[in-house]
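One structure is given here, and the rest of the page talks about it.
The basis for the numbers below is simple: all heavy atoms, side chains too, and nothing from hydrogens, waters or symmetry mates. Note that the structure is predicted; figures quoted are calculated from it, not measured.
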Amino acid sequence: MAITSGRTFWCLCSSILLVVATPLFAAEAKLFESVQVTPDGEYTHGIEGPAADLDGNLFVVNFGKPGTIGRLPAGAAASEAFTELPEGSVGNAIRFDRNGTMFIADYKKHNIFAIAKGATEPIVWFHADEMNQPNDITIARDGAIYASDPNWKGREGHIWRIAKAADGVVQGQIMSAPRAMGTTNGIDLSPDGKTLYVGESSNGQVWSYTIRGNELADAKLVKTFQPDTIDGLRTDVAGRLYVARILKGTIALMKPSGVVEREIALRAKEPTNLAFGGSDGKTVYVTQRQGGFIESFRTDQQGREHCLQRGRC
């Protein structure tokens with residue numbers, strides 16, 4: 001009897017272990033497999049600028065109409081209205097700093113807006129008539145914002161550094177660079193904050209620069225894709241780059257050396273940008289111009305920005 005009961009108990013435990021282990025294995029097997037998260041048509045053709053806060057909310061520009069910001073709550077399958085920018089302003093990029101402040105690049109009115117954590121009202125944090133846009137932004141550990149500023153007609157561009165001076169006044173200027181840039185678009189920092197990666201849509205190139213104050217130095221060509229096939233980009237804590245291959249319908253995952261580890265197939269063909277989110281920072285959300293929806297996939301490293309928000313990078 002005891003032996004029979006022991007066998008029954010062992011079999012039951014084995015079954016439980018199998019049930020518990022199977023979903024974990026399945027979840028692991030689905031790394032880099034993208035799924036559509038929100039319905040078609042939630043966002044306009046200008047869907048862009050995804051960014052996630054530490055509560056798991058994803059924020060995306062142009063929800064339903066230009067000049068809005070939508071929010072996809074954690075675990076939700078549909079977005080909701082979050083806020084609207086002032087009349088005439090249209091967002092193109094969103095980022096969060098270490099304090100949970102949201103920054104929005106307004107490409108129409110040449111502004112950087114800030115929304116304090118827990119608030120919804122956008123306040124002008126920086127404005128410059130000399131800007132063409134700005135287009136995309138990234139935030140350093142010290143709070144400095146780096147903004148790409150393309151001239152699409154001229155197929156050229158540059159980078160702005162925007163930060164508070166010692167007196168607390170926000171100042172911005174074009175960074176000097178050792179080469180003439182193409183249409184600067186996607187932008188992000190390396191995990192240590194010393195290297196800035198810039199995608200140039202016109203020539204399909206990704207470049208890296210060493211940051212020295214307001215100077216970009218040591219220009220290095222990381223990778224050349226086909227012209228007009230790259231948009232936003234992000235980095236993870238391992239230093240890898242994730243590049244949105246607009247028109248190709250993939251995310252190129254590559255090493256800092258430029259070696260492409262994989263091309264992650266997406267559900268639609270026009271990814272504009274991406275962001276890391278989820279509780280562990282390993283869920284990548286992609287904004288799709290084709291269809292106006294958000295899709296996502298799991299990866300094996302957390303994003304640099306998620307790590308930055310947690311005060312660990």
Side-chain angles (χ1 to χ4, degrees), residues 49 51 91-99 101-114 123-152 154-203 205-223 230 232-235 239 241 256 273 304-305 307-309 311 313:
N92 197 74
I94 303 174
R95 291 287 183 123
F96 285 93
D97 69 5
R98 300 179 73 178
N99 299 317
T101 301
M102 176 192 292
F103 291 89
I104 306 107
D106 166 20
Y107 79 97
K108 282 287 190 179
K109 295 292 185 178
H110 319 294
N111 297 312
I112 302 290
F113 287 105
I123 305 297
V124 175
W125 191 73
F126 178 75
H127 171 85
D129 290 330
E130 302 88 343
M131 276 188 166
N132 296 304
Q133 297 217 326
N135 187 288
D136 203 358
I137 56 177
T138 187
I139 302 178
R141 187 180 300 135
D142 62 3
I145 289 179
Y146 298 91
S148 60
D149 190 22
N151 175 351
W152 293 98
R155 297 180 75 79
E156 61 184 10
H158 40 247
I159 303 299
W160 284 70
R161 183 180 185 274
I162 306 164
K164 285 186 177 181
D167 60 3
V169 176
V170 179
Q171 299 179 345
Q173 67 181 78
I174 296 173
M175 302 182 75
S176 63
R179 55 175 290 275
M181 298 180 181
T183 49
T184 52
N185 194 342
I187 186 171
D188 209 354
L189 290 156
S190 59
D192 63 9
K194 297 179 180 179
T195 302
L196 185 70
Y197 294 100
V198 181
E200 299 179 2
S201 290
S202 56
N203 53 31
Q205 296 178 344
V206 177
W207 288 78
S208 69
Y209 299 90
T210 301
I211 297 174
R212 295 177 184 163
N214 289 316
E215 175 189 359
L216 294 175
D218 306 324
K220 179 182 177 181
L221 177 61
V222 178
K223 180 71 176 178
I230 62 172
L233 65 84
R234 292 289 191 275
T235 57
L241 287 77
N273 215 327
R304 180 199 70 88
E305 187 174 14
C307 181
L308 177 75
Q309 289 185 70
C313 290

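Between Gln205 and Asn203, the closest heavy-atom pair is N-OD1, 3.0 Å. The two residues Ile94 and Ala51 come nearest to each other via the heavy atoms O-CB, 3.3 Å. Arg179 and Ala219 get closest at one heavy-atom pair: CD-CB, 3.9 Å. For the pair Gly199 and Ile230, the tightest heavy-atom approach, listed with the atom from each and the gap, is CA-CD1, 4.0 Å. Between Ala144 and Arg161, the shortest heavy-atom contact is CB-NH2, 3.7 Å. The heavy-atom pair separating Ile112 from Pro134 by the smallest distance is CD1-CG, 3.7 Å.
A donor atom on one side chain and an acceptor atom on the other are not found under 3.5 Å apart for Arg95 and Tyr146. With no hydrogens or angles considered, no side-chain donor-acceptor pair links Asn99 and Thr101 at under 3.5 Å.
The backbone N or O of Asn135 sits less than 3.5 Å from a side-chain atom of Asn92, completing a donor-acceptor pair. Here the side chain of Ser190 pairs a donor or acceptor atom with the backbone of Thr195 at under 3.5 angstrom. Side-chain atoms of Asn111 do not come within 3.5 Å of backbone N or O of His127 as any donor-acceptor pair. No donor-acceptor pair under 3.5 Å is formed between the side chain of Thr235 and the backbone N or O of Leu241. Thr183 places no side-chain N or O within donor-acceptor distance of the main-chain N or O of Gly157, the cut-off being under 3.5 Å.
Atom CD1 of Ile159 and atom CH2 of Trp207 lie 13.0 Å apart (nearest 0.5 Å). The CG atom of Leu216 sits 10.5 Å away from atom OG of Ser208, with the distance rounded to the nearest 0.5 Å. Interatomic distance, CZ of Phe103 versus CD1 of Ile145, reported as 4.5 Å (0.5 Å rounding). With rounding to the nearest 0.5 angstrom, the CG atom of Asp218 is 11.0 Å from the OH atom of Tyr209. How far CD of Glu305 is from CG of Asp97: 9.5 Å, rounded to the nearest 0.5 Å. Going from atom CD of Glu156 over to atom OG of Ser202 covers 9.5 Å, rounded to the nearest 0.5 Å.
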Take Asn132 and His158 through the test side-chain contact (heavy atoms from CB on, under 4.5 Å) and record every step on the way to the result.
CA-CA 10 Å; Asn132 296 304; His158 40 247; 4.1 Å; yes

Working for side-chain contact (heavy atoms from CB on, under 4.5 Å), residues Trp152 and Asn185
CA-CA 10 Å; Trp152 293 98; Asn185 194 342; 3.6 Å; yes

Full working for side-chain contact (heavy atoms from CB on, under 4.5 Å) between Ile187 and Leu196:
CA-CA 7 Å; Ile187 186 171; Leu196 185 70; 3.7 Å; yes

Worked check of side-chain hydrogen bond (donor to acceptor under 3.5 Å, both in side chains) between Asp188 and Thr138
CA-CA 5 Å; Asp188 209 354; Thr138 187; 2.8 Å; yes

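Counting only heavy atoms from C-beta outward, the side chains of Tyr197 and Lys223 never approach each other to under 4.5 Å. Put simply, the side chain of Arg141 reaches to within 4.5 Å of the side chain of Leu308, judged on heavy atoms.
Take Arg234 and apply the salt bridge (Lys or Arg N to Asp or Glu O under 4.0 Å) test, not counting sequence neighbours, and it matches Asp136.
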Tabulate below the donor-acceptor pairs under 3.5 Å that side-chain atoms of residues 162-178 make, not counting sequence neighbours, or state none.
from, atom 1, to, atom 2, distance (Å)
Asp167, OD1, Val169, N, 3.0
Gln173, OE1, Asn214, ND2, 3.3

